[in-house]
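Here is the structure we will look at.
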There are 2 protein chains.
Amino acid sequence: MRIQDIAKACGVGVTTVSRALNDQPGIAAATKRRIREMARTLDYQPNEHARNLRASNRVIISLIVKGPTNPFFLEIQDLVDRDIRARGYFLSVVRVPHAHDEVAAAKGALAVTHPAAMIFLGGWFDRSPADFAHVTVPSVLCTTPCAPHLDGADYSSVAIDDKRGIADVVTHLHALGHRRIAFLGSDVADRSVGHLREQAFSAALAECGIPGDTTLVRRGDTQHEPYSYDYGYSLAHRLLVERPDVTAIVAMTDALALAAIRAATDLGRVVPDDLSVTGFDGIEITRFTTPRLTTLVQPTETIVSATCDLLFSLMEGEENRHILIPGTLRVAESSARVKECAS
Amino acid sequence: MRIQDIAKACGVGVTTVSRALNDQPGIAAATKRRIREMARTLDYQPNEHARNLRASNRVIISLIVKGPTNPFFLEIQDLVDRDIRARGYFLSVVRVPHAHDEVAAAKGALAVTHPAAMIFLGGWFDRSPADFAHVTVPSVLCTTPCAPHLDGADYSSVAIDDKRGIADVVTHLHALGHRRIAFLGSDVADRSVGHLREQAFSAALAECGIPGDTTLVRRGDTQHEPYSYDYGYSLAHRLLVERPDVTAIVAMTDALALAAIRAATDLGRVVPDDLSVTGFDGIEITRFTTPRLTTLVQPTETIVSATCDLLFSLMEGEENRHILIPGTLRVAESSARVKECAS
DNA sequence: TTGTAAGCGTTATCAG
DNA sequence: CTGATAACGCTTACAA
């Protein structure tokens with residue numbers, strides 16, 4: 001079923017059919033209606049590859065996912081796919097393992113798939129302008145905010161306010177009387193939001209008047225995917241063995257928090273009675289674990305729709321922008337008032 | 001960077017370059033080496049769309065995911081993507097909501113994307129030959145077994161042995177003394193593995209000499225995605241309120257099992273002391289929850305590599321086959337010996 | 001062993 | 001308002 005078949009069936013040329021189906025001007029209303037009717041009858045659907053061959057008319061959006069095993073990203077991906085398809089575009093997902101370079105992956109996708117635009121999910125926040133020069137189509141960083149040291153004119157971003165979110169978490173724990181609070185972060189080489197959240201953690205502690213203690217800020221080696229349960233478990237286990245005096249743990253993500261709870265339980269500690277644990281992201285499972293996780297919930301629908309709105313505005317020639325969206329602290333069962341006697 | 005650029009740089013024609021890069025015969029070894037060298041130097045990567053335009057040379061595999069929010073499928077997807085890319089093909093993922101028709105979605109993907117082959121992840125097991133007639137490329141059903149009432153010559157499949165797996169679960173619970181065992185299944189209209197597992201459950205009960213009790217087999221309405229936590233929670237909550245005498249719950253999937261544990265906890269029951277709960281699939285989080293879930297673990301790597309091996313053999317003209325892979329019962333903390341006094 | 005040219009299905013240009 | 005025709009980048013008969 002090609003465009004020619006429709007043309008023949010209607011007794012018109014292929015150009016007219018193309019114009020009718022793409023809502024272009026310069027065509028009689030009656031003809032247009034007749035053609036669209038016929039296309040629907042014959043269940044015609046244009047060949048994606050033929051459309052994409054011409055540089056001017058691309059219908060593919062690439063989604064570059066850095067750290068594809070991160071459960072939070074899986075929820076985001078689903079929403080992005082829905083949104084992009086609803087706009088008549090196709091999504092092409094490229095997985096990039098945490099240790100690899102997503103800009104290189106983006107260049108590859110650009111050469112092979114020739115997308116109309118790109119979305120970066122996760123990834124490093126401190127790219128240089130030179131990095132973005134390689135990305136020759138409009139692009140938006142999703143969940144990665146504008147880097148503090150860049151002016152941000154070279155790219156766009158939509159992200160949660162990590163600094164504010166972590167501050168909310170720390171303030172919550174501080175109000176519950178916690179003073180020896182540890183942080184579970186990303187690996188030492190990481191430059192993604194995990195790093196930002198760690199900085200935010202230290203800043204928030206200072207804000208509360210708690211002296212910083214670098215031995216309580218934990219980062220793993222670069223062997224494991226730092227957004228996995230296994231990583232969180234080993235990190236938390238070691239922390240709790242070495243520093244049994246901590247009364248609260250702030251985890252960079254929900255997955256780490258859940259793994260930390262498990263590690264604590266295995267060490268004979270009861271959450272939240274002996275130890276408070278907080279997460280970040282608000283993935284679905286956190287509402288169904290025991291205890292339910294206290295976490296900073298990211299409004300995923302809002303983030304995704306803002307990302308896509310911004311992306312399509314860029315495709316229409318608008319300027320780069322940076323959008324920061326507030327999260328919401330959901331207090332649940334994994335955090336409680338400190339029992340100082342316990343330590 | 002087109003194939004012409006390489007040709008010009010090497011002083012040869014485009015045909016020669018194409019042949020060199022695609023390992024085709026009829027080319028001097030020296031020329032071939034020279035061309036490949038140059039292609040690497042210039043970082044040439046062929047345009048995916050141009051390649052796919054010719055029917056004979058397709059490089060895309062479609063993955064039709066029925067019920068894309070099922071966490072188990074997310075783990076499978078990741079592995080499929082890796083395997084397909086390693087073979088030099090591209091994966092195009094199509095999400096199909098649980099209530100929609102995946103054969104219709106497949107037809108759409110066929111018309112738009114023109115894949116070389118298709119993988120169906122999840123979906124209904126009792127398709128008719130007419131359904132498969134629409135799928136004009138080699139295809140494999142992944143995690144959905146050959147339907148009992150079809151001869152299976154029309155399609156291929158790779159799946160876990162659901163019947164055996166559920167039997168292992170039920171036998172385990174029976175050995176722990178459980179007699180009033182409930183099942184949490186899919187919605188009433190469903191014809192996917194959830195339905196198969198329900199039948200296997202009834203058969204296994206009979207095998208153990210436990211009389212069937214239809215009020216203990218729970219299926220939801222068609223309003224919710226039946227592989228979601230929310231669905232599992234409401235199903236389990238209602239069951240436990242109406243039949244507080246059940247001592248064990250067999251859930252169709254891990255997500256349902258975890259949600260059931262949460263529902264039980266909210267009703268004041270302690271798992272596994274007052275109630276045993278088992279899952280199915282062995283998703284990652286089940287090793288980190290409290291209690292750790294007793295579940296039937298699917299060997300995902302084995303399933304995925306068998307699926308891809310089979311798919312590529314079909315593309316080379318081999319016959320349809322049906323592969324059944326055994327799962328492994330992982331006994332953990334969510335199941336224990338029944339305390340009859342409790343009821 | 002190599003090169004020329006046709007064709008894949010679509011959209012854009014330009015002439016009717 | 002409409003239609004023939006040339007692109008897009010690649011593979012592959014067929015010719016040299």
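Proteins come first, then strands; the chains are lettered A, B, ... in the order of their sequence lines, and each starts at number 1.
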Return the nearest nucleotide to the side chain of B:Y44; candidates are D:dC10, C:dA12, D:dT12.
D:dC10
Check this one for me: any side-chain N or O of B:T15 less than 4.0 Å away from OP1 or OP2 of D:dT11?
no
Check whether more than 12 heavy atoms from other residues, nucleotides or ligands sit under 6.0 Å from atom CZ of A:R34, and answer yes or no.
yes
Is there a residue in residues 18-28 of chain B whose heavy atoms reach under 4.0 Å of DNA chain C, and which residues are they?
B:R19, B:G26, B:I27, B:A28
Answer yes or no: does a side-chain N or O of B:T31 lie under 4.0 Å from OP1 or OP2 of C:dT2?
yes
What nucleotide among D:dC10, C:dG3, C:dT10 has an atom nearest to a side-chain atom of B:T16?
C:dG3
Check: A:N70/A:H98 side-chain N/O donor and acceptor closer than 3.5 Å:
no
Let's see if you can work this out: which of C:dT10, D:dG9, D:dT11 has an atom nearest to the side-chain heavy atoms of B:N57?
D:dT11
Which label fits B:F132 and B:Y155: parallel for a plane angle under 30°, tilted from 30 to 60°, or perpendicular past 60°?
parallel
Selection from C:dT4, C:dT10, D:dG9 that lies nearest to any side-chain heavy atom of A:R54
C:dT10
By side chain to side chain donor-acceptor pair (under 3.5 Å) - contacts of A:D43 (at least two apart):
none
For the residue pair B:E48 and A:T113, confirm or rule out a side-chain donor-acceptor distance under 3.5 Å.
yes
